[in-house]
2 protein chains.
Amino acid sequence: MNQSDDPAPIPRKRNPRGVTMEAVGRMAGVSQVTVSRALSDPSKVSPETMARIREAIAVTGFVPNALAGALASRRSMMVSALVPSITNIVYATMLAPFSDELKSRGYQILLSETGFDPEEEAATVEAHLSRRPDAMLLTGVHHAARTRRMLLGADLPVVEVWDITETPIDLCVGFSHAASGRAVAEFAHGAGYRQAAGICAGDERAQRRLSAFAERFGTLSGTDVPVARTERGNLASGRALLTQLIDKRGFTGGVVACSSDVLAQGVLIEAAARGLSVPRDLAVVGFGDQELADAVEPALTTVRVNREALGRAAAQALLTRIDGATPSRSVIDVGFTLIRRASA
Amino acid sequence: MNQSDDPAPIPRKRNPRGVTMEAVGRMAGVSQVTVSRALSDPSKVSPETMARIREAIAVTGFVPNALAGALASRRSMMVSALVPSITNIVYATMLAPFSDELKSRGYQILLSETGFDPEEEAATVEAHLSRRPDAMLLTGVHHAARTRRMLLGADLPVVEVWDITETPIDLCVGFSHAASGRAVAEFAHGAGYRQAAGICAGDERAQRRLSAFAERFGTLSGTDVPVARTERGNLASGRALLTQLIDKRGFTGGVVACSSDVLAQGVLIEAAARGLSVPRDLAVVGFGDQELADAVEPALTTVRVNREALGRAAAQALLTRIDGATPSRSVIDVGFTLIRRASA
DNA sequence: TTGTAGGCGTTATCAT
DNA sequence: ATGATAACGCCTACAA
């Protein structure tokens with residue numbers, strides 16, 4: 001009686017382990033849909049039913065499957081964030097408020113490092129798109145053609161941050177790196193410095209800042225402005241580059257513009273080690289206004305970018321688009337401020 | 001003829017936009033399944049078919065839907081990583097190799113900050129579990145009971161890092177914070193220092209390091225070891241806490257153990273500002289051996305934890321479990337090394 | 001307030 | 001080498 005008369009297909013779960021809404025519903029004496037409703041909008045379910053469902057969820061330890069939900073609803077409730085490097089505090093500090101803002105609306109962040117290579121970025125974008133994020137943040141405004149194509153084809157809200165362009169893929173929140181470099185040059189020249197040098201590490205944006213500084217200061221003062229470059233933007237690089245400027249490139253004093261506060265601090269340390277007085281023998285300007293700028297000795301003159309506001313604005317812009325609205329402006333320039341302290 | 005005789009359901013796609021394997025297959029003259037196979041294992045498809053499918057993919061800009069794939073295969077190819085803070089370089093630097101290692105095997109990282117509150121962590125764990133990650137990394141070994149319950153119920157590979165326990169949820173890669181604190185105490189006492197103080201910021205683990213230091217040094221020297229605490233572990237805090245130790249707690253010299261290199265650098269800066277010579281008037285020991293440790297003046301004596309190796313080992317351990325194998329050890333102590341430089 | 005039916009875009013399992 | 005069919009677990013209509 002067991003083997004013979006049962007050609008009827010017995011629907012068998014492939015994985016009997018995972019608790020589903022179906023199972024919760026069975027235990028609570030309701031259908032799967034009711035469980036779904038109970039979770040998405042409790043007001044649509046009677047209090048008694050709600051109580052039984054809660055009980056069943058507690059007993060079974062049910063955790064909804066967001067993958068299935070995303071597939072059915074076509075909303076993954078995930079937002080991709082692509083930054084050059086996680087370990088770079090500059091990106092990390094704008095990511096935190098960005099993430100906070102979105103988390104409060106129920107979104108999870110899918111984060112990846114892209115390095116500084118556009119092709120690597122393109123590959124990462126593709127990997128992210130396969131996860132069907134509801135929106136995406138990109139760092140910078142220069143991308144591979146394929147990246148633009150994929151994003152336009154995917155038709156999702158995209159915000160490009162930490163730089164600015166008139167022709168964003170979709171939205172843009174940032175500031176002009178060239179303008180910040182020029183602002184430093186004008187400040188330094190106005191403060192009376194007649195000689196200058198630059199110290200630069202990192203990505204193409206840092207180079208744009210320093211190039212703009214060198215060009216502007218050169219124009220104002222009529223002198224040549226040497227710029228020393230390196231890969232890694234750490235304290236040791238700052239020290240090494242100041243050494244290079246002084247010992248090998250004949251820099252004898254004036255103002256040193258650095259592409260980051262950390263490099264600038266390296267310069268301060270090397271200057272102290274050489275018995276140079278800052279800003280008397282050597283003035284120093286950083287970039288970023290990180291926490292350390294205010295704590296070093298002497299305190300660092302630097303360029304502040306409100307990274308908190310930037311991250312938050314980027315999140316808001318995306319949320320507006322997600323909600324189907326059109327943001328008032330698709331390009332937001334958050335600007336920058338020169339903070340004068342003791343070092344220059 | 002339009003209205004009346006057509007009760008037959010016309011299957012209509014809800015969203016005609018998204019390119020699917022179905023659409024690619026149609027264009028290539030094959031079925032949807034063949035497209036799936038072409039992507040997952042090209043060797044199972046004839047070269048000609050493969051070529052036509054490739055062509056169709058290029059033309060349509062098809063990007064596979066990983067959500068659907070995950071739902072069907074029960075493997076999301078995502079790994080969750082939960083750290084207290086993204087902006088803390090300590091966690092970021094172990095996350096990078098962790099992420100690299102997993103990315104090379106096709107996994108994406110789903111990253112979240114948990115803060116330092118176990119309840120917040122529990123909520124984050126739940127949110128992540130709903131995404132059905134294939135494995136999870138947690139920071140620390142102290143979790144809410146509900147967290148343990150959820151994770152045990154979810155039955156996935158879990159690695160706890162940056163601390164060590166004999167009873168991990170699943171896997172553990174870390175080191176003993178108490179032991180590192182004692183090691184610093186023994187080093188300092190052995191180096192001849194007879195007075196000591198501590199400076200501590202941050203999470204419970206930092207406090208455990210400093211408590212162990214204070215207790216051990218106290219035992220060895222028979223003196224009292226004051227420990228100053230604060231919330232934020234930045235340069236300014238380091239300066240402020242040294243001030244507090246000297247001006248308000250009668251600390252007159254000896255060795256200062258800090259819970260991070262950044263705090264230690266703050267101490268160096270404040271000491272210099274006060275005209276104190278390091279290590280003569282004041283010796284300083286940091287923790288973490290961050291890049292700056294070697295670049296400050298004087299170079300910082302500190303405790304090195306190989307965060308790179310830690311992140312990599314955590315990834316490897318998870319991969320082993322994902323592959324269904326049993327790791328040789330479920331608890332890996334990566335240890336620490338005291339790096340003696342000029343500051344103590 | 002609750003349930004039924006159909007579909008989201010894949011992968012797994014059998015067939016052919 | 002290729003295809004048909006049934007899940008995967010949920011959400012969106014629509015019906016009761």
Side-chain angles (χ1 to χ4, degrees), chain A residues 8-26 28-53 57 60 62-77 129-132 134 154, chain B residues 7-26 28-53 57 60 62-77 106 129-132 134 154:
Chain A
I10 305 173
R12 276 282 235 141
K13 304 295 176 188
R14 278 206 298 222
N15 176 2
R17 277 176 249 284
V19 182
T20 67
M21 286 186 177
E22 180 79 43
V24 171
R26 216 154 35 218
V30 295
S31 77
Q32 172 267 321
V33 223
T34 304
V35 178
S36 172
R37 266 194 290 257
L39 261 43
S40 62
D41 186 356
S43 76
K44 289 187 163 184
V45 169
S46 82
E48 304 81 49
T49 305
M50 194 66 212
R52 293 208 312 281
I53 290 177
I57 288 177
T60 56
F62 169 70
V63 175
N65 186 327
L67 296 173
L71 184 60
S73 68
R74 299 170 156 290
R75 290 179 310 118
S76 65
M77 298 305 282
L129 285 181
S130 76
R131 244 105 218 181
R132 297 297 188 267
D134 292 336
Chain B
I10 304 174
R12 275 283 232 140
K13 303 295 177 188
R14 276 205 299 220
N15 175 2
R17 278 177 248 285
V19 182
T20 66
M21 288 185 174
E22 181 77 42
V24 171
R26 216 154 36 219
V30 294
S31 76
Q32 172 268 323
V33 220
T34 304
V35 177
S36 172
R37 264 195 291 258
L39 262 43
S40 62
D41 185 355
S43 76
K44 290 186 162 185
V45 170
S46 82
E48 304 80 48
T49 305
M50 194 64 212
R52 293 206 313 282
I53 290 177
I57 288 178
T60 55
F62 169 71
V63 176
N65 186 328
L67 297 175
L71 184 60
S73 68
R74 299 169 156 289
R75 290 179 309 118
S76 65
M77 298 305 282
L129 285 180
S130 76
R131 242 99 217 185
R132 299 296 189 264
D134 292 336

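Here is how names work: the chains are called A, B, and so on, in the same order as the sequence lines, proteins then strands, and each is numbered from 1. Given the structure is predicted, the values throughout are model-derived calculations rather than measurements.
The distance from atom CG of D41(A) to atom C1' of dT12(D) is 14 Å, rounded to the nearest whole Å. Going from atom CD of E22(A) over to atom P of dC11(D) covers 13 Å, rounded to whole Å. Here the P atom of nucleotide dC10(D) and the CD1 atom of I53(A) are 13 Å apart, to the nearest Å. Atoms CG (N65(B)) and P (dC8(D)) sit 18 Å apart, rounded to a whole Å. Counting to the nearest Å, the C1' atom of dG3(D) and the CZ atom of R26(B) are 16 Å from each other. We find that CG of L39(A) is positioned 9 Å from P of dC10(D), with the value rounded to whole Å. Distance CZ (F62(B)) to C1' (dG9(C)): 9 Å, rounded to an integer number of Å.
Listed by chain and residue number, nothing satisfies the side-chain hydrogen bond (donor to acceptor under 3.5 Å, both in side chains) test with T20(B) (two or more places apart in sequence, or in another chain). Contacts of R132(A) classified as side-chain contact (heavy atoms from CB on, under 4.5 Å), with partners at least two apart in sequence or in another chain: V63(B), N65(B), L67(B). In this structure, the side-chain contact (heavy atoms from CB on, under 4.5 Å) partners of A66(B), at least two apart in sequence or on a different chain, are S130(A), R131(A). Residues meeting the side-chain contact (heavy atoms from CB on, under 4.5 Å) test with S40(B), sequence neighbours left out: none. For S36(B), there are no side-chain hydrogen bond (donor to acceptor under 3.5 Å, both in side chains) partners at least two apart in sequence or on another chain.
A close approach under 4.0 Å does occur between a side-chain nitrogen or oxygen of R74(A) and OP1 or OP2 of dG9(C).
In terms of heavy-atom proximity, R52(B) sits nearest to V30(B) at NH2-CG1, 3.9 Å. Contact detail for L39(B) and M21(B): the closest heavy-atom pair is CD2-CE, 4.1 Å.
When the local axes at the two ends of the helix from dT1(C)-dA16(D) to dT16(C)-dA1(D) are compared, using 5 base pairs at each end, they differ in direction by 30° after rounding to 10°.
For R75(A), counting side-chain heavy atoms from C-beta on, the closest listed nucleotide (dC8(D), dA12(C), dT12(D)) is dT12(D). If you check dC8(C), dT11(C), dC11(D) against the side chain of M21(B), the one that comes closest is dT11(C).
Of the inter-residue distances, the one linking E22(A) atom CD with S31(A) atom OG reads 8.0 Å to the nearest 0.5 angstrom.
Annotation: side chain of S46(A) is in contact with side chain of T49(A) (closest heavy-atom distance under 4.5 Å).
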What protein N or O atoms touch nucleotides 1-3 of chain C N or O atoms at under 3.5 angstrom, if any, and at what distances?
from   : atom 1 : to     : atom 2 : distance (Å)
dT2(C) : OP1    : S46(A) : OG     : 3.2
dT2(C) : OP1    : T49(A) : OG1    : 2.3
dT2(C) : OP2    : S46(A) : N      : 3.0
dG3(C) : OP2    : S31(A) : N      : 2.9
dG3(C) : OP2    : S31(A) : OG     : 3.1
dG3(C) : OP2    : T34(A) : OG1    : 2.5
dG3(C) : N7     : R37(A) : NH2    : 2.7
dG3(C) : O6     : R37(A) : NH1    : 3.2

